[in-house]
Amino acid sequence: MFFGEYYHSVDGKGRIIMPAKYRDQLNQTFYITIDLWGQKDESCLCVYPEDAFRRLSEKLSKLTTSDPEARKLRRKFFTHVQDTQTDRQGRVMIVPELREYAGLDKDIVLAGQDDHIEIWDKTKWEAYNEDDELFKSGRLAEELRASGI
């Protein structure tokens with residue numbers, strides 16, 4: 001399970017340090033890709049260990065290929081997957097296309113999200129977390145109660 005947040009930076013070669021706590025759970029090969037939600041103010045990268053990526057892949061493969069939106073989603077998602085490993089110093093290189101998608105230039109945040117990790121530009125992450133309207137609406141509290149939480 002991935003949780004917590006870690007602040008790091010992207011070096012001149014496009015590498016980031018993967019926190020030891022996360023590295024231990026990612027194992028050898030893991031996957032970095034774009035987020036599935038495609039919201040401009042939430043554009044980040046997602047890092048999946050192999051088992052979580054396979055579960056997600058299986059779910060996406062069940063989307064009907066007769067639906068043009070489903071085909072487009074699958075194409076966009078799978079063509080932006082980078083399979084990778086950390087080097088001996090615990091760093092991982094993120095390809096330029098993915099760094100550009102998420103706006104990762106210098107300072108970043110790695111945020112645990114249960115079965116995966118999100119990589120955010122630090123400024124975007126801070127701006128995103130300033131908006132707490134979701135918690136003020138009461139809708140979330142109702143959903144949590146309804147689900148038994």
Side-chain angles (χ1 to χ4, degrees), residues 1-63 67 69-137 139-141 143-144 147 149:
M1 180 183 312
F2 299 100
F3 54 89
E5 62 185 7
Y6 298 88
Y7 292 80
H8 288 285
S9 58
V10 179
D11 72 12
K13 295 182 180 179
R15 298 174 301 193
I16 64 168
I17 293 174
M18 188 61 66
K21 187 174 181 178
Y22 290 167
R23 282 195 311 265
D24 293 343
Q25 296 179 68
L26 288 171
N27 297 320
Q28 284 280 53
T29 300
F30 54 92
Y31 302 84
I32 303 174
T33 188
I34 61 173
D35 63 294
L36 278 172
W37 306 274
Q39 302 299 311
K40 193 169 187 119
D41 62 337
E42 295 181 30
S43 58
C44 63
L45 299 179
C46 296
V47 181
Y48 293 94
E50 190 164 9
D51 59 336
F53 185 79
R54 295 218 183 276
R55 285 192 304 272
L56 177 59
S57 176
E58 288 170 7
K59 289 177 184 177
L60 289 172
S61 70
K62 292 177 182 174
L63 294 175
D67 179 358
E69 288 182 358
R71 287 194 309 270
K72 187 171 186 173
L73 172 71
R74 287 177 49 165
R75 285 182 182 124
K76 185 169 183 164
F77 181 78
F78 285 111
T79 58
H80 288 90
V81 174
Q82 171 189 348
D83 60 327
T84 191
Q85 300 176 339
T86 57
D87 65 14
R88 285 188 277 244
Q89 288 79 37
R91 299 172 302 193
V92 60
M93 199 280 293
I94 300 175
V95 296
E97 296 81 16
L98 290 177
R99 289 194 319 265
E100 183 179 327
Y101 170 84
L104 306 178
D105 292 321
K106 186 66 180 157
D107 295 322
I108 62 162
V109 178
L110 293 105
Q113 298 296 311
D114 188 22
D115 69 339
H116 70 282
I117 303 160
E118 291 180 345
I119 304 173
W120 286 71
D121 169 76
K122 183 182 176 216
T123 304
K124 281 186 192 176
W125 175 253
E126 290 171 347
Y128 178 77
N129 284 298
E130 282 178 3
D131 178 15
D132 64 352
E133 289 302 313
L134 174 67
F135 296 105
K136 292 178 183 177
S137 74
R139 184 184 58 78
L140 179 61
E143 285 186 38
L144 291 171
S147 66
I149 297 175

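- A donor-acceptor contact shorter than 3.5 Å is absent between the side chain of Arg15 and the backbone of Val92.
- The distance between the ring centers of Phe53 and Phe30 does not fall below 6.0 angstrom.
- Closest approach of Tyr48 and Leu26 over heavy atoms only: C-CD2, 4.3 Å.
- To the nearest 0.5 Å, the span separating SG on Cys44 from CD1 on Ile119 amounts to 8.5 Å.
- Looking only at atom types and distance, the side chain of Thr29 has no donor-acceptor partner in the side chain of Glu50 under 3.5 Å away.
- Looking at heavy atoms from C-beta onward, Phe78 lies in side-chain contact with Leu60 at the 4.5 angstrom threshold.
- Here Arg55 pairs with Asp51 in a salt bridge; the nearest charged N to carboxylate O distance falls below 4.0 Å.
- Here the straight-line distance linking atom CZ of Arg91 with atom OG1 of Thr84 works out to 12.0 Å at 0.5 Å rounding.
- Judged purely by atom type and a 3.5 angstrom limit, Lys124 uses its side chain to pair as donor or acceptor with the backbone of Ala102.
- Using a distance-only test at 3.5 Å, with no hydrogens or angles considered, a donor-acceptor pair links the side chain of Arg23 to the main chain of Met18.
- For the atom pair CZ (Arg99) and CD1 (Ile32), the distance works out to 10.5 Å, reported to the nearest 0.5 Å.
- A donor-acceptor contact shorter than 3.5 Å is absent between the side chain of Ser57 and the backbone of Arg54.
- Using a 4.5 Å heavy-atom threshold, the side chains of Phe2 and Pro49 count as touching.
- Salt bridge annotation for Glu126-Lys122: present, with a cationic side-chain nitrogen under 4.0 angstrom from a carboxylate oxygen.
- For the pair Gln25 (side chain) and Met1 (backbone), a donor-acceptor distance under 3.5 Å is present.
- Put simply, the side chain of Leu56 reaches to within 4.5 Å of the side chain of Leu36, judged on heavy atoms.
- Of the inter-residue distances, the one linking Leu98 atom CG with Ile34 atom CD1 reads 8.0 Å to the nearest 0.5 angstrom.
- Between the side chains of Glu5 and Trp125, at least one donor-acceptor pair of N or O atoms lies under 3.5 Å.
- Without hydrogens or angle criteria, Tyr22 side chain to Phe3 main chain gives a donor-acceptor distance under 3.5 Å.
- With Gln82 contributing its side chain and Met93 its backbone, the two residues share a donor-acceptor pair below 3.5 Å.
- Interatomic distance, Leu63 CG to Glu69 CD, rounded to the nearest 0.5 Å: 11.0 Å.
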